[in-house]
Amino acid sequence: MGTLLETPEQECLKQCLVEEDTEAWQTDPDFSGLKRVGGVDLSFIKGDEINACAQLVILSYPQLEVQYEVSEMVNLSAPYIAGFLAFREAPPLLQLLQRLEKEQPSLILSLSLPLSLYQSISLTLGQALRSSGSSTKPVYVSVGHRISLATAVRLTLSCCRYRVPEPIRQVNTHAHTHTLLF
DNA sequence: GCGACAG
DNA sequence: ATCTTGTCGC
């Protein structure tokens with residue numbers, strides 16, 4: 001985040017960030033070649049700051065039907081601090097991706113293309129868009145790795161049945177469900 | 001001191 | 001993030 005101080009780790013990651021398209025499907029008008037899209041999230045319970053439910057879903061593309069989902073209760077080591085979200089949430093989410101790789105090798109995302117969506121974000125790093133027909137609330141799409149902002153926005157729109165992109169919407173549903181069970 | 005501030 | 005159910009409308 002522009003105004004915030006950055007850690008050495010964050011500076012390093014920023015230098016490695018590739019903000020251009022690197023895959024063939026990204027420049028195809030219909031994203032031909034893209035077979036799956038995924039979403040990850042973390043859910044919490046009211047007064048608990050360390051226990052959370054990590055969730056991962058994989059959807060087919062362009063059908064956008066859930067093909068795989070995993071949930072796992074995790075303990076978060078880092079506290080929530082604006083600007084340092086990844087230090088808190090990335091570890092358990094990456095762990096789920098490794099679990100996917102081990103349990104369902106066929107569903108692995110051929111290349112990791114982080115495309116993050118937040119309820120708000122510095123606009124210098126992303127773009128606000130009206131994802132569904134007449135929705136007033138914008139959806140913010142941030143820059144990703146190995147995917148241009150323009151493509152990220154186009155892909156996000158192609159994943160929207162409703163305002164919230166389907167991968168995010170599905171993972172939220174599953175996350176909430178599983179959180180309520182523990 | 002004031003405003004900003006992803007979950 | 002989380003606290004909460006139904007309800008009105010396209």
Side-chain angles (χ1 to χ4, degrees), chain A residues 1-19 37-57 64 69-97 99 112-153 155-157 159-182:
Chain A
M1 308 290 99
T3 61
L4 298 173
L5 218 48
E6 291 173 354
T7 66
E9 290 90 334
Q10 289 174 310
E11 292 180 347
C12 180
L13 286 171
K14 180 188 287 184
Q15 292 188 332
C16 294
L17 184 65
V18 174
E19 296 184 49
V37 291
V40 291
D41 192 32
L42 248 49
S43 279
F44 298 81
I45 292 180
K46 182 179 166 183
D48 198 331
E49 273 289 291
I50 57 177
N51 292 116
C53 180
Q55 286 282 334
L56 162 67
V57 298
L64 299 180
E69 64 166 288
V70 276
S71 64
E72 192 171 293
M73 289 306 291
V74 298
N75 299 324
L76 302 185
S77 51
Y80 168 69
I81 301 177
F84 302 89
L85 185 63
F87 289 101
R88 174 173 167 80
E89 304 199 346
L93 296 179
L94 288 174
Q95 191 175 313
L96 281 188
L97 281 173
R99 186 171 156 184
S112 180
L113 303 170
L115 190 172
S116 38
L117 299 166
Y118 295 108
Q119 293 189 353
S120 66
I121 193 173
S122 166
L123 293 183
T124 59
L125 295 176
Q127 181 177 316
L129 68 136
R130 172 162 47 216
S131 55
S132 66
S134 59
S135 62
T136 298
K137 294 181 183 177
V139 160
Y140 300 94
V141 180
S142 79
V143 293
H145 182 51
R146 295 184 175 178
I147 182 169
S148 65
L149 179 57
T151 299
V153 168
L155 176 60
T156 299
L157 283 174
C159 286
C160 286
R161 281 215 232 282
Y162 307 101
R163 190 184 80 93
V164 177
E166 214 53 19
I168 304 299
R169 203 173 75 85
Q170 291 299 333
V171 81
N172 282 338
T173 300
H174 292 298
H176 294 150
T177 298
H178 289 276
T179 300
L180 291 176
L181 295 179
F182 283 95

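Model, not experiment: these values are computed from the prediction. The basis for the numbers below is simple: all heavy atoms, side chains too, and nothing from hydrogens, waters or symmetry mates.
Look at CG on A/Leu180: it is 11 Å from C1' on C/dT4, rounded to the nearest Å. Between A/Lys46 atom NZ and C/dT2 atom P there is a gap of 13 Å when expressed in whole angstrom units. For the pair A/Asn172 CG and C/dA1 P, the computed distance is 7 Å after rounding to whole Å. Taking atom CZ on A/Phe84 and atom C1' on B/dA6, their separation rounds to 12 Å, with Å as the unit. Atom pair A/Ile45:CD1 and C/dT4:P shows a separation of 13 Å (rounding to whole Å applied). In this structure, A/Arg161 places its CZ atom 23 Å from P of C/dC10, rounding to the nearest Å. If you take CD of A/Glu89 and C1' of B/dG7, they are 5 Å apart, rounded to a whole angstrom. One can place CD1 of A/Ile168 at 11 Å from P of B/dG7, the figure rounded to the nearest angstrom.
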Under the side-chain contact (heavy atoms from CB on, under 4.5 Å) rule, what do A/Gln15 and A/Gln10 come out as? Steps first, then yes or no, please. CA-CA 9 Å; A/Gln15 292 188 332; A/Gln10 289 174 310; over 6 Å; no
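In this structure, A/Tyr80 reaches the B/dA6 phosphate: one of its side-chain N or O atoms is under 4.0 Å from OP1 or OP2. At C/dT2, one or more side-chain N or O atoms of A/His176 fall inside 4.0 Å of OP1 or OP2 (strictly under the cut-off).
Checked against B/dC5, B/dG7, C/dC3, the side chain of A/Asp41 finds its nearest nucleotide in B/dG7. Checked against C/dT2, B/dA6, B/dG7, the side chain of A/Ser43 finds its nearest nucleotide in C/dT2.
Proximity of A/Val40 to A/Gln55: side-chain heavy atoms (C-beta onward) are nowhere separated by under 4.5 Å. Residues A/Cys160 and A/Tyr162 form no side-chain contact, since every pair of their non-hydrogen atoms from C-beta on lies 4.5 Å or further apart.
Of the charged side-chain nitrogens involved, at least one lies within less than 4.0 Å of a carboxylate oxygen, so that A/Arg169 and A/Glu166 count as a salt-bridged pair.
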